[in-house]
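The structure displayed is predicted, hence computed values, not measured ones. Starting from 1, each residue takes its place in the sequence as its number.
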Amino acid sequence: GMMLDGGGDMDDERLRKIPNTNEYISITEGVIPTDMNYYKLDYSGNFVQHHNDIYHGDYPLKAQIFRISSDGSYCITSQEGAVYLANSSMEYKGVLHAGSLAYSDFAFSDDGSTIYAATSNRKSNQIGSYPALTRDDEILTKGYPVFIIRDDQKIIAVSKSSENSINTGVEVIQL
């Protein structure tokens with residue numbers, strides 16, 4: 001609980017750690033337009049770099065739907081599945097093709113080449129590819145997945161019984 005350093009841009013940011021680094025990406029919640037930030041810390045916890053994205057809301061960002069790939073190369077956010085590089089450039093790469101689907105969460109293969117995208121308006125997890133950002137297949141589910149985690153050869157999903165339900169259950173899906 002001891003303050004080491006400061007240098008953040010805004011309050012109310014959702015922060016995600018880039019795997020195997022001392023680097024972080026955040027998306028703001030308390031400012032409009034929504035903004036993305038990159039932070040690098042030294043091993044003592046002091047800020048050594050901070051960059052704002054150059055887009056400032058030009059492309060979809062949503063702090064509540066925000067994951068960094070398992071290999072740390074990119075992040076994906078929003079119901080549209082907007083993809084950005086997970087580095088100080090935060091370069092926008094496009095969207096995971098969604099059609100009429102709305103994404104609610106994301107998980108990844110170990111190498112980041114496969115994206116598992118939970119859908120809030122269809123009982124499914126979509127399977128996409130990176131860097132192509134195409135949807136290649138889907139896994140049908142019993143409910144509407146809200147949160148997903150990939151654990152080895154399984155997707156563990158917290159799903160709603162109907163689109164607008166508050167009732168949830170856990171589904172384990174074999175890959």
Side-chain angles (χ1 to χ4, degrees), residues 12-29 34 36-41 53 59-87 90 92-175:
D12 300 326
E13 291 181 77
R14 185 75 49 107
L15 191 68
R16 299 275 188 244
K17 186 177 187 306
I18 300 172
N20 305 312
T21 69
N22 282 339
E23 301 167 65
Y24 298 82
I25 300 283
S26 73
I27 297 178
T28 59
E29 294 184 285
T34 305
M36 187 181 288
N37 293 280
Y38 164 87
Y39 301 100
K40 184 174 185 177
L41 283 69
D53 73 76
Y59 301 106
L61 291 169
K62 187 166 184 176
Q64 297 81 4
I65 307 172
F66 170 39
R67 300 283 181 207
I68 296 179
S69 65
S70 302
D71 69 339
S73 62
Y74 64 94
C75 60
I76 186 167
T77 180
S78 79
Q79 293 171 317
E80 294 83 12
V83 175
Y84 300 81
L85 293 181
N87 60 31
M90 297 164 283
Y92 176 72
K93 301 306 284 181
V95 295
L96 178 64
H97 182 261
S100 61
L101 298 173
Y103 297 126
S104 56
D105 199 10
F106 305 96
F108 310 93
S109 61
D110 288 339
D111 66 0
S113 65
T114 302
I115 303 168
Y116 302 97
T119 57
S120 61
N121 61 343
R122 180 173 169 80
K123 293 180 179 181
S124 72
N125 286 304
Q126 300 297 303
I127 301 173
S129 61
Y130 180 84
L133 301 181
T134 56
R135 279 188 301 139
D136 305 319
D137 204 352
E138 73 177 342
I139 301 168
L140 297 177
T141 57
K142 293 181 183 353
Y144 295 87
V146 180
F147 301 106
I148 59 172
I149 297 169
R150 188 186 66 85
D151 182 25
D152 196 26
Q153 292 301 308
K154 298 181 291 251
I155 295 283
I156 301 168
V158 175
S159 298
K160 297 189 297 184
S161 56
S162 66
E163 238 179 299
N164 298 314
S165 177
I166 60 171
N167 299 320
T168 59
V170 175
E171 294 185 64
V172 178
I173 301 136
Q174 198 67 36
L175 296 175

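Residues Glu13 and Tyr24 bring no donor and acceptor atom of their side chains to less than 3.5 Å of each other. A side-chain donor-acceptor contact under 3.5 Å links Thr134 and Asp136.
For Ile149, the side-chain contact (heavy atoms from CB on, under 4.5 Å) criterion is met by no residue, not counting sequence neighbours. Considering only residues two or more places apart in sequence or on other chains, Ser109 meets the side-chain hydrogen bond (donor to acceptor under 3.5 Å, both in side chains) condition with Asp111.
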Could you list the donor-acceptor pairs under 3.5 angstrom formed by side chains in residues 137-147, with sequence neighbours left out?
unit_1: Glu138; atom_1: OE1; unit_2: Arg122; atom_2: NE; d: 2.9
unit_1: Glu138; atom_1: OE1; unit_2: Arg122; atom_2: NH2; d: 3.4
unit_1: Glu138; atom_1: OE1; unit_2: Gln126; atom_2: NE2; d: 2.8
unit_1: Glu138; atom_1: OE2; unit_2: Arg122; atom_2: NH2; d: 2.7
unit_1: Thr141; atom_1: OG1; unit_2: Lys123; atom_2: O; d: 3.3
unit_1: Thr141; atom_1: OG1; unit_2: Ser124; atom_2: N; d: 3.1
unit_1: Thr141; atom_1: OG1; unit_2: Gly143; atom_2: O; d: 2.6

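Contact detail for Pro60 and Ala82: the closest heavy-atom pair is O-CB, 3.4 Å. Between Pro19 and Ser69, the shortest heavy-atom distance links the atoms CG-O, 3.6 Å. Minimum heavy-atom separation, Asp53 to Met36: OD2-N, 2.5 Å. Scanning all heavy atoms of the two residues, the minimum distance from Ile148 to Ala157 falls at CG2-CB, 3.8 Å. Heavy-atom minimum distance, Ala117 versus Leu96: CB-CD2, 4.0 Å. Closest non-hydrogen pair, Ile68 versus Lys17, comes out as CD1-O, 3.8 Å.
The backbone N or O of Val158 sits nowhere less than 3.5 Å from a side-chain atom of Thr168 that would complete a donor-acceptor pair. Here the side chain of Gln153 pairs no donor or acceptor atom with the backbone of Gln174 at under 3.5 angstrom. Proximity of a side-chain donor or acceptor of Asp105 to a complementary backbone N or O of Ala118 within less than 3.5 Å is not detected. A distance-only check finds no donor-acceptor pair linking the side chain of Arg14 to the backbone of Ile27 [under 3.5 Å]. Judged by distance alone, the side chain of Arg150 and the main-chain N or O of Asp152 form a donor-acceptor pair under 3.5 Å.
Atom CG of Asn125 is separated from atom OG of Ser104 by 8.0 Å, given to the nearest 0.5 angstrom. Taking OG of Ser26 as the reference point, atom CG of Asp12 lies at 11.0 Å (rounded to 0.5 Å). Between atom CD1 of residue Ile25 and atom CG of residue Asn37 there is a gap of 8.5 Å, rounded to the nearest 0.5 Å. Residue Asn121 holds its CG atom at 10.5 Å from CG of Asn164, rounded to the nearest 0.5 Å. Rounding to the nearest 0.5 Å gives a distance of 8.5 Å between CG of Asp71 and OG of Ser113. Between atom OG1 of residue Thr119 and atom OH of residue Tyr103 there is a gap of 8.5 Å, rounded to the nearest 0.5 Å.
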Intermediate values then yes/no, side-chain contact (heavy atoms from CB on, under 4.5 Å), Leu85 and Lys93 | CA-CA 7 Å; Leu85 293 181; Lys93 301 306 284 181; 4.0 Å; yes
Starting from the C-alpha separation in whole Å, work towards a yes-or-no answer on side-chain contact (heavy atoms from CB on, under 4.5 Å) for Tyr130 and Val83.
-> CA-CA 9 Å; Tyr130 180 84; Val83 175; 3.8 Å; yes
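When each of Gln64, Arg67, Lys62 is paired with Thr77, the side chain to side chain contact (heavy atoms under 4.5 Å, CB included) condition holds for Lys62 and for no other.
Using a 4.5 Å cut-off on side-chain heavy atoms (C-beta onward), Tyr59 and Val95 make no contact.
Heavy atoms of other residues, nucleotides or ligands lying less than 6.0 angstrom from NZ of Lys160 number more than 12.
Aromatic ring centres of Phe108 and Tyr74: separated by under 6.0 Å.
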